[in-house]
Amino acid sequence: DLPLHYYFNINMKKSLLLFAPAMIASVAAQAQRYNIVYIMTDDHTAQMMSCYDNRFVETPNLDRIAADGVKFVNSYVANSLSGPSRACMITGKHSHKNGFTNNEHGIFDGSQQTMPKLMQKAGYQTAIIGKWHLVSTPTGFDYFNILPAQGDYYNPNFINMDGTQTREKGYVTNIITDKAIDWMEHKRDKSKPFILFIHHKACHRAWLPELKYLREYENKTFALPENFYDDYEGREAAKTAEMQIGKHMDIVYDTKMYTPGANTYLTENYMNMVGRLNSKDRAEYDYFYDSLAIDFNNRHLTGKALDEFKYQRYMRDYAKVVKSLDDNVGRTLDYLKQAGLLDSTLVVYTSDQGFYMGEHGWFDKRFMYEESLNTPLVMRLPKGMKTRGEVKEMVQNIDYAPTFLQIAGAPIPSDIQGTSLLPLLQGKHPKNWRKSIYYHYYEYPAEHAVKRHYGVRSSDGYKLMHFYNDINKWELYDLNKDPHEMHNIYGQPGTEKLTKRLMTELIRLQKQYDDKDGLKFNNMGK
Ligand code: SGN
Ligand code: CA
């Protein structure tokens with residue numbers, strides 16, 4: 001443990017009087033320097049997690065986390081895409097401040113201040129295992145073992161700390177868990193508290209199941225979301241996006257409905273994924289999908305029947321991938337229990353963003369609409385934190401960094417834009433908690449063709465968004481009346497007061513977060 005004067009020195013630099021309460025809080029937190037196991041998955045959305053939504057799958061182990069702690073029901077990302085989300089998370093800052101605005105052109109500047117570096121400074125051991133996706137070599141970690149780019153489901157490669165790669169045998173979710181447990185058991189300095197980032201590849205496209213679960217969910221028919229056949233009326237950017245299950249989901253790459261036996265049926269992408277299996281496993285995989293593909297080819301589906309077939313295949317394969325994920329979260333919890341670490345460890349489960357499971361007819365994310373603006377967030381609380389149940393305050397992924405820093409008893413630098421969630425974990429409901437969140441998405445032109453946009457969502461259920469760049473469209477939603485965001489009421493008579501209120505709030509947030517680009521594009525509806 002760090003000596004008290006370490007905190008004192010830091011705080012002395014600030015006005016003692018002004019920061020005395022913060023100092024007392026940080027010293028108090030220091031008494032219980034909990035470990036943190038941060039599990040973040042890829043594209044795992046709340047609709048596919050039974051503690052949030054029990055229509056589709058059962059996730060008993062994920063639900064255990066929520067049952068022994070809290071479930072955030074208003075949890076949002078700042079920019080619904082992998083690299084940007086990860087950068088927001090480890091810096092506690094919006095994309096325009098951490099510099100990583102999009103996957104396609106981003107290289108994370110690892111020389112900047114990050115939460116893992118500050119945790120190290122506070123005496124924590126830091127490690128990350130799994131998907132990294134920030135391109136540059138991780139900084140601020142005592143240990144890392146990461147997937148190159150998106151990584152692979154089968155027999156995946158890992159990048160070692162010396163820059164070499166090792167091809168591991170097995171299914172990626174199992175391997176990441178094995179490595180995480182191995183680090184906790186054998187590789188860390190047990191005299192120090194630790195923060196371990198377990199970053200799963202699951203459940204990213206193209207949803208390749210663990211072989212033992214190939215047949216799971218095959219007898220289940222998933223209900224179509226009520227807005228599956230959305231016509232995108234009044235929503236230009238939604239109309240031009242290329243993420244419709246019917247139109248844009250690839251019948252071979254995504255749903256594995258190739259023509260068995262033909263030499264030309266497999267695209268390069270598909271081969272890159274499945275070609276990693278050894279011949280025995282490949283035979284098992286092919287045996288399963290061949291029969292489905294033969295049947296599919298015989299049926300010559302078209303129109304809605306084809307769209308709905310694709311939807312079922314998508315849901316089934318995604319659900320299988322979630323099943324392995326849930327098992328492995330269970331294994332992680334069991335390890336913590338058996339190692340006697342549960343009482344002293346905060347376990348966080350979240351995803352880099354939400355995802356569409358057929359809502360608006362879509363897969364993928366990116367939009368500021370609810371399904372992908374939301375991200376699951378549940379926490380198993382250590383001994384001493386007695387809060388249980390739902391937390392309704394609006395939280396965002398820029399809040400994780402200050403939360404962990406406060407738990408570590410470390411000072412929270414003033415340029416961090418998020419807010420520590422520790423008071424919420426302690427059962428408090430601060431009166432001045434944020435009443436709105438800010439969002440800004442940049443990756444365009446790019447895959448899925450989602451136009452650039454920013455916006456504000458208020459805690460009382462209103463949302464104002466501006467699509468800009470090669471488009472200039474505003475959208476306004478009343479989520480209380482229109483939870484699925486089917487009716488853009490921007491510009492409609494009677495919405496003037498609401499629009500003005502949200503516009504003022506949007507500008508306030510753009511100024512508060514110093515989003516100069518956002519402000520520049522904000523023509524206030526003109
Ligand atoms: C890949 C996927 C996209 C996905 C992005 C970003 N295509 O490019 O469908 O939107 O990743 O996802 S794929 O053909 O390679 O599967 S993210 O979660 O990493 O941001
Ligand atoms: Ca993702």
Side-chain angles (χ1 to χ4, degrees), residues 39-49 75-90 95 100-108 130-135 146-154 156 172-173 176 197-208 241-245 247-256 266-276 310 313-314 317-318 321-322 325 349-357 362-369 371-377 397 439-451:
I39 307 173
M40 178 161 67
T41 45
D42 200 355
D43 295 356
H44 186 207
T45 193
Q47 302 95 295
M48 301 298 272
M49 194 164 158
S75 154
Y76 307 98
V77 294
N79 182 353
S80 186
L81 199 61
S82 166
S85 256
R86 289 156 206 271
C88 290
M89 184 275 285
I90 65 167
S95 305
F100 198 101
T101 56
N102 73 75
N103 281 340
E104 299 208 343
H105 308 291
I107 297 179
F108 184 72
K131 185 173 174 180
W132 166 246
H133 212 201
L134 290 176
V135 188
I146 54 172
L147 299 172
Q150 295 284 8
D152 282 290
Y153 279 106
Y154 298 138
V172 69
T173 313
I176 289 172
F197 298 82
I198 307 177
H199 287 196
H200 285 288
K201 172 182 174 59
C203 4
H204 195 270
R205 193 180 179 190
W207 317 291
L208 298 187
E242 296 170 1
M243 44 196 259
Q244 293 176 35
I245 291 171
K247 250 196 205 163
H248 307 107
M249 184 174 265
D250 189 88
I251 197 73
V252 173
Y253 176 65
D254 291 308
T255 64
K256 298 106 184 167
L266 296 174
T267 61
E268 194 188 329
N269 275 346
Y270 188 82
M271 277 309 294
N272 286 343
M273 301 186 314
V274 179
R276 299 183 69 89
K310 286 168 87 177
R313 290 263 31 97
Y314 165 49
D317 285 347
Y318 187 111
V321 175
V322 171
L325 185 62
Y349 181 88
T350 187
S351 174
D352 62 347
Q353 11 68 207
F355 214 70
Y356 296 92
M357 304 308 300
W362 286 337
F363 65 108
D364 215 63
K365 52 265 178 173
R366 299 163 190 268
F367 276 107
M368 198 195 164
Y369 299 126
E371 290 82 356
S372 53
L373 173 64
N374 273 296
T375 198
L377 180 65
N397 54 353
Y439 181 88
H440 197 157
Y441 169 83
Y442 300 78
E443 195 175 275
Y444 180 86
E447 194 175 6
H448 301 300
V450 175
K451 309 254 188 206

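Predicted model, so just to flag it, every value in this text is computed and none were measured. We count ligands from 1, going down the list as the structure has it; atoms in each ligand are counted the same way.
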Donor-acceptor side-chain pairing of [X] and [Y] below 3.5 angstrom:
{"X": "Thr101", "Y": "Tyr441", "value": "no"}
{"X": "Thr173", "Y": "His200", "value": "no"}
{"X": "Lys201", "Y": "Gln150", "value": "no"}
{"X": "Tyr349", "Y": "His44", "value": "yes"}

Within ligand 1, which atoms have a heavy atom of [X] less than 4.0 Å away?
{"X": "Gln150", "answer": "1 (C), 11 (O), 12 (O), 17 (S), 19 (O)"}
{"X": "Lys365", "answer": "4 (C), 6 (C), 10 (O), 12 (O), 17 (S), 18 (O), 20 (O)"}
{"X": "Gln353", "answer": "18 (O)"}
{"X": "Asn103", "answer": "6 (C), 17 (S), 19 (O), 20 (O)"}
{"X": "His133", "answer": "19 (O)"}
{"X": "Asp42", "answer": "18 (O)"}
{"X": "Asp352", "answer": "18 (O)"}
{"X": "Asp364", "answer": "4 (C), 9 (O), 10 (O)"}

Closest non-hydrogen atom pair, Leu325 against Cys203: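 Looking at all heavy atoms of both residues, the shortest contact is CD2-SG, 4.3 Å.
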Looking at every non-hydrogen atom in both residues, tell me the closest pair between Val321 and Ala202 and how far apart they are.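 So the two residues come closest at CG1-CB, 3.6 Å.
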If you check every N/O/S atom of [X], which is the one nearest the Ca ion (ligand 2)?
{"X": "Asp42", "answer": "OD1"}
{"X": "Asp43", "answer": "OD1"}
{"X": "Asp352", "answer": "OD2"}

Does the distance from a Lys or Arg side-chain N to an Asp or Glu carboxylate O, for [X] and [Y], drop under 4.0 Å?
{"X": "Arg86", "Y": "Asp42", "value": "yes"}
{"X": "Glu447", "Y": "Arg205", "value": "yes"}
{"X": "Lys256", "Y": "Asp317", "value": "yes"}
{"X": "Lys247", "Y": "Glu242", "value": "no"}

Going by the closest heavy atom to atom 5 (C) of ligand 1, which one wins out of Arg205, Arg366, His448, Met273?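 It is Arg366 that holds the nearest heavy atom.
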Apply ring pair (Phe, Tyr, Trp, His ring centres under 6.0 Å) to the pair His448 and Phe363, showing each step before the final yes or no. CA-CA 10 Å; His448 301 300; Phe363 65 108; 5.4 Å; yes
Below 4.0 Å from any atom of ligand 1, is there a heavy atom belonging to Met243?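 No heavy atom of Met243 comes that close to ligand 1.
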Heavy atom of Glu104 under 4.0 Å from ligand 1?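 No heavy atom of Glu104 comes that close to ligand 1.
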Protein contact of [atom] - nearest heavy atom, named by residue and atom, plus distance:
{"atom": "atom 17 (S) of ligand 1", "result": "Ser82 CB, 3.2 Å"}
{"atom": "atom 16 (O) of ligand 1", "result": "Tyr253 OH, 2.6 Å"}
{"atom": "atom 7 (N) of ligand 1", "result": "Glu447 OE2, 2.8 Å"}

Counting backbone and side chain alike, does Gln353 bring an N/O/S atom below 3.0 Å of the Ca ion (ligand 2)?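 Gln353 does place an N, O or S atom closer than 3.0 Å to the Ca ion (ligand 2).
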